[in-house]
K.L.:
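I'd like to ask you about the structure that follows.
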Amino acid sequence: MADRFEALEEQLERFIENTRQLGIIVSDFQPQGQNALNSKLQTMVQGMQEVDKLKGHMQDIHVPLEVFEYIDQGKNPNLYTKHCLEKALAKNEQVKGKIDAFKRFKAMLILELGEVFPVEMANYRAMRNDDRPT
């Protein structure tokens with residue numbers, strides 16, 4: 001699995017480097033540089049074809065659209081992961097608080113029911129094999 005990512009990464013790095021070199025050739029274009037320009041353009045086309053060949057190995061990769069939004073905004077895509085983890089932690093704390101509140105409510109309810117309905121609560125505890133006093 002890592003090999004396919006490495007192959008794509010290498011191809012993209014070559015493509016970026018060729019794009020940089022093409023920019024240099026074009027920015028200072030001289031008529032005698034036409035052959036170099038044509039050669040670099042051909043290299044770019046071949047690079048795009050290589051990337052296109054690699055896309056078949058990436059069909060099972062799913063990237064959340066929000067990651068692309070981060071990239072479009074000039075943000076590091078790792079921030080998406082960080083924000084997702086922060087949201088998950090916050091939600092976890094919220095749920096934990098609710099669980100703790102329900103546990104306290106249950107304990108208070110059982111205590112109060114034990115005072116009002118001692119026989120029924122004793123039967124309830126016996127059915128649940130609960131030895132805690134009322």
Side-chain angles (χ1 to χ4, degrees):
M1 180 138 182
D3 291 343
R4 65 181 176 166
F5 292 118
E6 288 176 17
L8 179 62
E9 185 176 352
E10 287 174 20
Q11 192 60 43
L12 289 173
E13 286 174 357
R14 274 183 275 185
F15 187 78
I16 290 168
E17 178 58 24
N18 285 327
T19 304
R20 186 188 68 77
Q21 291 173 7
L22 180 65
I24 292 170
I25 293 170
V26 170
S27 70
D28 189 30
F29 183 73
Q30 302 293 321
Q32 65 270 21
Q34 185 66 48
N35 287 339
L37 177 62
N38 291 344
S39 173
K40 193 52 70 178
L41 286 171
Q42 185 60 36
T43 303
M44 296 283 295
V45 169
Q46 290 170 346
M48 285 189 247
Q49 289 171 340
E50 289 299 318
V51 169
D52 189 59
K53 288 178 189 174
L54 293 171
K55 77 177 180 183
H57 301 290
M58 304 294 167
Q59 295 296 326
D60 60 336
I61 306 298
H62 301 284
V63 178
L65 291 176
E66 292 86 0
V67 172
F68 295 111
E69 291 173 11
Y70 272 66
I71 293 169
D72 288 343
Q73 295 169 4
K75 296 179 184 176
N76 185 333
N78 290 336
L79 288 176
Y80 173 77
T81 305
K82 178 183 176 194
H83 291 147
C84 284
L85 287 173
E86 288 171 349
K87 281 193 244 179
L89 287 171
K91 187 68 175 176
N92 186 42
E93 287 297 317
Q94 183 183 29
V95 170
K96 184 182 180 304
K98 287 180 181 180
I99 290 170
D100 291 343
F102 277 115
K103 284 180 180 178
R104 287 190 304 272
F105 173 74
K106 178 184 174 187
M108 288 174 45
L109 180 64
I110 288 174
L111 186 66
E112 293 292 323
L113 287 173
E115 291 176 10
V116 177
F117 303 105
V119 174
E120 290 84 355
M121 287 307 292
N123 291 338
Y124 170 76
R125 283 192 184 87
M127 287 185 340
R128 294 201 39 152
N129 294 323
D130 189 356
D131 294 332
R132 286 179 284 178
T134 31

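When a residue number appears, it is its place in the shown sequence, counting from 1.
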K.L.:
Would you call Arg104-Asp100 a salt bridge at under 4.0 Å N-O?
P.N.:
no
K.L.:
From Leu111 CG over to Met121 CE, what is the distance, rounded to the nearest 0.5 angstrom?
P.N.:
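Leu111 atom CG to Met121 atom CE measures 9.0 Å (nearest 0.5 Å).
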K.L.:
Just checking, is any N or O donor in the side chain of Asn38 or Gln42 under 3.5 Å from an acceptor N or O on the other one?
P.N.:
no
K.L.:
More than 12 heavy atoms of other residues, nucleotides or ligands under 6.0 Å from CG of Leu65: yes or no?
P.N.:
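No, CG of Leu65 has 12 or fewer neighbouring heavy atoms, counting only those of other groups under 6.0 Å.
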K.L.:
Same cluster or not: are Leu113 and Phe105 linked, directly or through other Ile, Leu, Val, Met, Phe, Trp or Tyr residues, by side-chain heavy atoms under 4.5 angstrom apart?
P.N.:
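Yes: a chain of side-chain contacts under 4.5 Å links Leu113 to Phe105.
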K.L.:
Should Ile110 and Phe102 be counted in the same cluster of Ile, Leu, Val, Met, Phe, Trp and Tyr side chains packed under 4.5 Å apart?
P.N.:
no
K.L.:
Same cluster or not: are Met48 and Leu37 linked, directly or through other Ile, Leu, Val, Met, Phe, Trp or Tyr residues, by side-chain heavy atoms under 4.5 angstrom apart?
P.N.:
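Yes; tracing contacts between hydrophobic side chains, which count when under 4.5 Å, links both residues.
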K.L.:
Indicate the atoms forming the closest heavy-atom contact of Leu8 with Leu54, along with that distance.
P.N.:
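In this case the closest contact between Leu8 and Leu54 is CA-CD1, 3.7 Å.
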K.L.:
For Ser39 and Asn35, indicate whether the former's side chain and the latter's backbone hold a donor-acceptor pair under 3.5 Å.
P.N.:
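Absent.
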K.L.:
Rounded to the nearest 0.5 Å, what separation is found between the OH atom of Tyr80 and the NZ atom of Lys75?
P.N.:
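That separation rounds to 12.5 Å.
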K.L.:
Verify the neighbour count for atom CZ of Phe117: are there more than 12 heavy atoms of other residues, nucleotides or ligands below 6.0 Å?
P.N.:
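At most 12 heavy atoms, drawn from other residues, nucleotides or ligands, come within 6.0 Å of this atom.
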K.L.:
For Gln21 and Glu17, does a side-chain donor sit closer than 3.5 Å to a side-chain acceptor?
P.N.:
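Checked: Gln21/Glu17 side chains pair up, N/O donor to acceptor below 3.5 Å.
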K.L.:
Determine the minimum heavy-atom distance between Val63 and Val67, stating which atoms define it.
P.N.:
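That closest heavy-atom pairing would be CG1-CB, 3.8 Å.
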K.L.:
Going from CG on Asn123 to CZ on Arg125, what distance comes out if it is rounded to the nearest 0.5 angstrom?
P.N.:
11.0 Å
K.L.:
Considering only NZ, NE, NH1 and NH2 on the basic side and carboxylate oxygens on the acidic side, decide whether Glu50 and Lys53 come within less than 4.0 Å.
P.N.:
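A salt bridge is present here (some side-chain N lies under 4.0 Å from a carboxylate O).
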K.L.:
So, taking the atom named OH in Tyr70 and the one named OG1 in Thr81, what distance separates them when rounded to the nearest 0.5 Å?
P.N.:
9.0 Å
K.L.:
Is it possible for you to say whether Ile71 and Leu79 belong to one hydrophobic cluster, with membership spreading through side-chain heavy-atom contacts below 4.5 Å?
P.N.:
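They do share one cluster, since a chain of ILVMFWY contacts under 4.5 Å joins Ile71 to Leu79.
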K.L.:
Given 3.5 Å as the limit, does a donor-acceptor pair link the side chain of Asn18 with the main chain of Arg14, or not?
P.N.:
yes
K.L.:
Which residues satisfy the ring pair (Phe, Tyr, Trp, His ring centres under 6.0 Å) test with His57, sequence neighbours excluded?
P.N.:
none
K.L.:
Can you measure from CD (Gln46) to CD (Gln11) and round to the nearest 0.5 angstrom?
P.N.:
10.0 Å
K.L.:
Could you state the interatomic distance from CD1 (Ile24) to OG1 (Thr19), rounded to the nearest 0.5 Å?
P.N.:
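If we round to the nearest 0.5 Å, Ile24:CD1 and Thr19:OG1 are 11.0 Å apart.
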K.L.:
Quick one: do Ile61 and Val51 end up in the same hydrophobic cluster if we chain Ile, Leu, Val, Met, Phe, Trp and Tyr together by side-chain heavy atoms under 4.5 Å apart?
P.N.:
yes
